[in-house]
Structures are given as C-alpha cells and as structure tokens.
Amino acid sequence: MNFRGQGMGNCTSLFDLHGAFGAKIVDFGGWDMPLHYGSQIEEHHAVRQKAGMFDVSHMTALDVKGSQARDYLRYLLANDVDRLTFDGKALYSGMLNNDGGVIDDLIVYRMPWGYRVVVNCATREKDLAWMKRQASDFDVTFEEQSDVAMIAVQGPEARQLTAGVLSSGAFSIDKARLVDDLNVFEGHECEGWLIARTGYTGEDGLEITLPANEAKALWSALAEAGVRPCGLGCRDTLRLEAGMNLYGQDMDDNVIPFSANMGWCVAWESADRHFIGRTALENIRAQGGWDRLVGLVLEERGVLRHGQKVVIDVDGEYGEGVITSGTFSPTLGHAIAMARVPAGTGDRARVEMRGKLVDVRVVKPCFVRHGKKVFE
Amino acid sequence: MSNIPSDLCYVKSHEWIRLEDDGTVTVGITNHAQEALGDVVFVELPEVGVELALDAEAGVVESVKAASDIYAPISGKIVAINHALEEAPELVNSNPYNEGWFFRLQPSDSEQLNDLLDADAYAALCEEEA
C-alpha cells in the first residue's frame, strides 16, 4: 500500500501506520507528516479532555558528551545547564547568535553520560553546523540519534493510559513505573527508551524516544488503549493556546529573546558566565524599547492569521505590529494570536483582516493550560 | 475522485449547485473543497434579498487553515441562507451536500445554468488540480 501524497519527503518509522489510521499527509520541513487523521478539531479536544499522541520523530535528538560538555553548553545556550542539578532534569533554552537573535529553541536533558539536546526539524542543518563551529575550543563530541522514533503522548489521561499499556506483557513494568513516578520536566532512560514528562500542548504528558523498530508496537498499543492519533494541525492549535512559540514563525535569527517572550530563559546569573549573545543582549537591555510578543483575542467572528497587520495606539502615536501565529482556538471557540508589537502597547489593538480593521484585546500570550482558559 | 453526486452541477471554484423544483438553486461547497479546507470554524453568508452578479463575492468560509471566498456561481437574488451554519459550521465538513448548504438564490439569467459543469467534468477538474 502506498499512502504517500508527495512521495518525496523523509518518512518516519510510523509512516505506514499513519496511512492505515487515515492520515492526511503533508510536507513539513522535508518530512511527510500527518496533518490530521480526519478532524483536527476533534484531535485537539481529545488532547485537552483525554489523551492524544503525535509522531514527532522528525525532531532532531543530539547527544553531547565529553569532559567539557557542561562548559560548552554553558557557552552555547542562553539558559544555564547548571540549573540542571540532577540527572534527568530538563531545561528549555534559546540558542543565540552573536547579535542575540534566536538560532533555535530547544530542550536539553542532563544525562548520566552527558546531555541530550532536542532541536527543531526545519533548523537541523543550521543548528548542527553552528553547534559544531562553536565546539572547536571544547572537548566535546556529538552523536545524532538517527535510528530513533519520538512519540508525544499528551493529555490529562496520557500518563495513566501509557502506564497501563507499558505494564502489559509486550512492554515492561519498569517502564510503567517510571511513567508513574516521573516528575514534571524530567526524563529518564529505561531499557533503551528515554521517557520524559514534557510536551508542547499545555497538558500533562510524555515524550518518549525509543528505537525506531519498536515504535509501531507502542503506537498501536496506545491507540488500542484509547489514545487518539493526532496530526501536526492540532499540535499547532494546542501549542498556540498554551502560548508556546513556534520557531520560524514567532521568532527567528533576527528576533531577540525579549521580543519572543523568552526573556525568562536567559540566565544572567552567574554574572561571569559568558554565553553567545550575552554582550549584545546586555547592550539592548541597557537601551530598552524592544518589541514585545503579546497575545491577541478576537471574541467575535473571524480568524486571526499569521502575517496580519496589527495597528496600535502607543501614547497617542500610531504604531504597527504583526501577527506571528494566529488561529481559531477550539477550546475557547474564538480566534487567538501571538503578535509582535511595539513597547508601550496597551490592552487594545486593531487587526487588519480582509481589508477591515477589527478590534482585539491584548493579553499575556498564554490562553489555555490544563484544559482551562487562563487569561482575564 | 470521491463523492461527487451526479445529480448536482458544479463550478470551477468548487461549489455545487442544485436546481430545485421551484426554479431556485441551492449552493454549497464540494466534498473536495471541504477536505482541502479542513475543519470549518466560521461561515459568513450574504443577506437574504441581496442581488448578486455572476462570480460576485457571496461570503467567506474560514477553516482552521485559511479563509476562502465563496462566489455566486450564477447571478440572482438571495432567497434563503443556512442559519444552521452559524452554530454548527462543522456541517460543511460532515455533510457538504445536504445539511452543509450555504444559500439559495433565484437566478436572474437562466442561460447561465448551461455553463455549469456536470459531475464528470468536475471530477476531471479535480484530477487536474491534484
């Protein structure tokens, strides 16, 4: 059977299963990935209300090892891996260029043998080239994990259902126990799998990295247990509701962390830690006035979209911004967006939609967490 | 190509047209169109009584993916709109040829009906676009 739409992209080890589950396949960063399996909105609700799973094997997993792996990552990343005070702890960070622009956002796990770094798919080559270039003065090695699959199981019942599946005969009770015991934002290895309590949906859940040849068995068993297969379509609406950035849309090489709601993950302490981009950010911080990433809410009909112009009144002066990500929020039943706007933007703005200016509210860029509305 | 009823007429912009017994025509979007759009979240329809010229903008369909214009496939006066879509836009996805209809109009120039595509011609068009 051949379900491939384009037939040109890379395929994950779950590709045939996606076809069997009725996926509509689209190209995503050179990979043929499921957009949805029928209804993006129903998949979205499944994650908010019960459990859904995503094939995220297109993400890049890179192991950084060597006697200076810690020193190297403290130099490479804006967040400080010294915040990882024990093995298994995870950290979100930006990787910046010398001007303070965001090369990528990533998750780094401290492991007994070094660090596991997970970066985006579309930025893989750029990231690897940059990381290797910056490594010349350090004793570090890189090992890309190419023969693995990654499955994200997300939703209020995700851990419970996954633990149930893993405790059955085909898998192992140790993995099930790990899922039960795992703390938020930690990941541990168990019999060749890395099981982490992380995600990109604003719900509790897991991201499981496992050998590619074991992925189909896990996916099928989870589906049988009631975990709904979900495509990249609802992954986008879920992450946007949760106020999580998408690289290439909400930030890129020309955007500093302060303008991407990532200032919280720039670790200024300790003051003697020199990381790439620090000097540039210190200069910008001294000057002030950078753009902000805010949330927009449209409670009437219509959908906010990436690229739409935002018109703002800043202290009586005309100002302009742009929607970086916009969508219809299935949980809230109206449109939401993230937008980059000038400093000083108040709680009202207007968006140019199809030739008309429409009033929107400006809120903190986080809309839904654990199934509930979070903004006022 | 899936689900193109043979008793309907079509236009290139992926709308279907049903000729009713009373001389009016009912308009909606095809199964192919709703599949391409993905989940529909809002439908903006014309007002009853409005006169529309051929190919004039008649409304907007907003899906999770994109906003798309709906056009008048023939000129005429709007005599009814599907109010159910205000509360249940997903009917466009689940039942595009019946409950998901958009509007009904009274044609002002019945000659235009001769220019509509039949199911085979529309199927060929979809094949071409794929």
Side-chain angles (χ1 to χ4, degrees), chain A residues 3-7 22-28 34-47 230-241 298-308 323 325-337 351-356 358, chain B residues 1-3 13-14 29-47 50 52 55-72 81-97 99-100 102-103 126-130:
Chain A
F3 295 99
R4 298 176 67 165
Q6 316 288 325
K24 180 180 163 105
I25 299 290
V26 292
D27 172 68
F28 185 82
L35 179 65
H36 59 71
Y37 300 80
S39 168
Q40 174 176 338
I41 288 183
E42 285 171 23
E43 291 163 22
H44 181 108
H45 290 316
V47 172
C230 294
L232 295 178
C234 78
R235 191 167 160 80
D236 192 53
T237 50
L238 288 160
R239 70 91 195 167
L240 185 45
E241 283 187 346
L298 173 68
E299 272 150 357
E300 48 188 289
R301 298 161 68 83
V303 182
L304 302 169
R305 310 266 183 199
H306 168 79
Q308 284 171 343
I323 290 184
S325 288
T327 193
F328 172 80
S329 158
T331 305
L332 303 171
H334 56 70
I336 55 171
V351 174
E352 195 177 291
M353 295 173 66
R354 306 173 63 79
K356 280 183 280 187
V358 178
Chain B
M1 199 38 81
S2 63
N3 201 355
S13 53
H14 301 285
I29 65 167
T30 65
N31 187 58
H32 176 79
Q34 71 79 16
E35 271 183 4
L37 286 171
D39 293 273
V40 172
V41 293
F42 294 113
V43 181
E44 206 179 297
L45 294 172
E47 278 174 38
V50 165
L52 292 173
D55 294 333
E57 246 179 63
V60 183
V61 192
E62 295 242 26
S63 74
V64 283
K65 205 161 115 187
S68 309
D69 292 312
I70 317 163
Y71 303 100
I81 58 173
N82 185 3
H83 288 290
L85 298 183
E86 288 164 21
E87 287 304 312
E90 65 274 12
L91 291 172
V92 177
N93 298 112
S94 60
N95 199 338
Y97 295 115
E99 290 174 283
F102 282 15
F103 55 84
C126 292
E127 282 291 321
E128 233 171 81
E129 288 188 2

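Note on naming: letters A, B, ... go to the chains in the order of the sequence lines (proteins, then strands), and numbering restarts at 1 for each one.
- Side-chain contact annotation: H44(A) with T237(A), donor-acceptor N/O pair under 3.5 Å present.
- Between the side chains of D39(B) and S63(B), no donor N or O sits under 3.5 Å from an acceptor N or O.
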I'd like a table of donor-acceptor pairs (distance under 3.5 Å, sequence neighbours excluded) in which one partner is a side-chain atom from residues 85-92 of chain B, with atom names and distances.
{"unit_1": "E86(B)", "atom_1": "OE2", "unit_2": "H83(B)", "atom_2": "ND1", "d": "3.0"}

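- Between chain B and the options A335(A), G233(A), G302(A), heavy-atom pairs under 4.5 Å are most frequent for G302(A).
- R301(A) touches chain B through backbone and side chain together, each having a heavy atom under 4.5 Å away.
- Among K24(A), R354(A), H36(A), E42(A), the residue with the largest count of heavy-atom pairs under 4.5 Å with chain B is R354(A).
- Scored by the side-chain contact (heavy atoms from CB on, under 4.5 Å) test, S329(A) finds E241(A), T331(A), L332(A), I336(A) as partners (sequence neighbours excluded).
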